[in-house]
Amino acid sequence: MVAQLPYVTLQKVFARFAEAEPEPKGELEHLNAFTLLVAVALSAQATDVGVNKATRALFQIADTPEKMLALGEEALIDHIKTIGLFRNKAKNVIKLSRLLIDNFGGEVPSSRAALTSLPGVGRKTANVVLSMWFHHPAQAVDTHIFRVGNRTGICPGRDEITVERAIEDNVPVEYQRHAHHWLILHGRYICTARSPKCGICPIADWCLYPEKTA
DNA sequence: ATCCCGAGGG
DNA sequence: CCCTCTGGAT
């Protein structure tokens with residue numbers, strides 16, 4: 001088993017997160033459900049800053065599946081060239097736009113099965129759309145949350161699905177709605193992959209990391 | 001387990 | 001230079 005913080009401690013941890021940032025929001029720019037889905041798909045192994053820079057102009061001309069198809073793969077590549085994995089992503093976004101029109105009436109579907117049937121959309125991306133757009137109780141586990149969860153002991157797990165369950169089972173219910181963004185922002189700015197900023201960490205008092213490195 | 005794959009940080 | 005970034009498909 002991976003070391004996990006007790007429930008009473010998690011209450012204090014999340015109360016601290018809530019105190020510092022009462023309404024945490026994602027940092028991926030989008031205009032509607034379609035652009036959110038595309039933005040999240042593009043964000044794989046890329047920074048939100050880089051994705052936003054590319055999608056700003058893109059979404060102005062292509063904010064619907066129809067317009068994305070009209071734009072076409074080559075022109076789409078021109079827009080997202082600066083993002084890693086751009087060839088696969090461009091191909092996926094075009095196919096996905098086609099499928100939304102053919103199979104879902106041009107709308108972004110609201111079930112995990114339907115979402116993950118789309119190319120380039122896996123469990124993580126689906127969970128982000130489900131929770132952010134449809135307000136379903138889904139926990140998306142990205143690279144930050146996986147690292148933070150395991151390093152601190154807040155929501156540990158050998159794989160992403162185990163971490164998802166750790167959040168659902170152990171994070172106090174009243175905090176689950178914002179758990180995703182609290183953890184992600186914490187991982188992005190404080191509990192960074194390299195040289196975490198433990199000196200300014202608001203939850204350092206309860207973190208298991210010092211024990212692990214001792 | 002491996003490939004995809006550019007930009008930014010340290 | 002090496003590592004990391006809101007992963008997914010094979």
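Just so you know, these numbers come straight off a predicted model, no measurement behind them. Quick note on labels: first sequence line is chain A, next is B, and so on, each numbered from 1. Computed from heavy atoms alone, side chains included, the values below leave out hydrogens, waters and symmetry copies.
Ring planes of A:F14 and A:F17: perpendicular class, angle over 60° (limits at 30 and 60°).
The gap from the P atom of C:dG8 to that of B:dA7 amounts to 23 Å, rounded to the nearest Å. To the nearest whole angstrom, the two C1' atoms, one in C:dT4 and one in B:dC4, are 15 Å apart. The gap from the C1' atom of B:dC5 to that of C:dC3 amounts to 14 Å, rounded to the nearest Å.
In this structure A:R177 satisfies the side chain to side chain donor-acceptor pair (under 3.5 Å) test with no other residue, sequence neighbours excluded.
Between the side chains of A:N52 and A:E27, not a single donor N or O lies within less than 3.5 Å of an accepting N or O.
A:S97 places a side-chain N or O within donor-acceptor distance of the main-chain N or O of A:V93, the cut-off being under 3.5 Å. Judged purely by atom type and a 3.5 angstrom limit, A:R151 has no side-chain atom pairing as donor or acceptor with the backbone of A:Y209.
Comparing A:T116 and A:R188 by the nucleotide of DNA chain C that holds the closest heavy atom to each, the one mapping nearer the 5' end is A:R188. Comparing A:T47 and A:R194, the nucleotide of DNA chain B nearest to each residue sits closer to the 5' end for A:T47.
Counted within 6.0 Å of NZ on A:K197, heavy atoms from surrounding residues, nucleotides or ligands total more than 12; the atom is thus considered enclosed. Within 6.0 Å of atom CD in A:E174, more than 12 heavy atoms from other residues, nucleotides or ligands are found, so the atom counts as buried in its surroundings.
Between the CG atom of A:D159 and the P atom of B:dA1 there is a distance of 13 Å, given to the nearest Å.
Non-hydrogen atoms lying under 4.0 Å from DNA chain C are contributed by A:L85, all within residues 80-91 of chain A.
Bounding nucleotides for the chain A contact on DNA chain C, 5' to 3', at a heavy-atom distance below 4.0 Å, are C:dC3 to C:dA9.
Among the protein residues, A:G187 comes within range of no part of the nucleic acid, since none of its heavy atoms lies under 4.0 Å from any strand. A:T192 comes within 4.0 angstrom of nothing in the nucleic acid, heavy atoms only.
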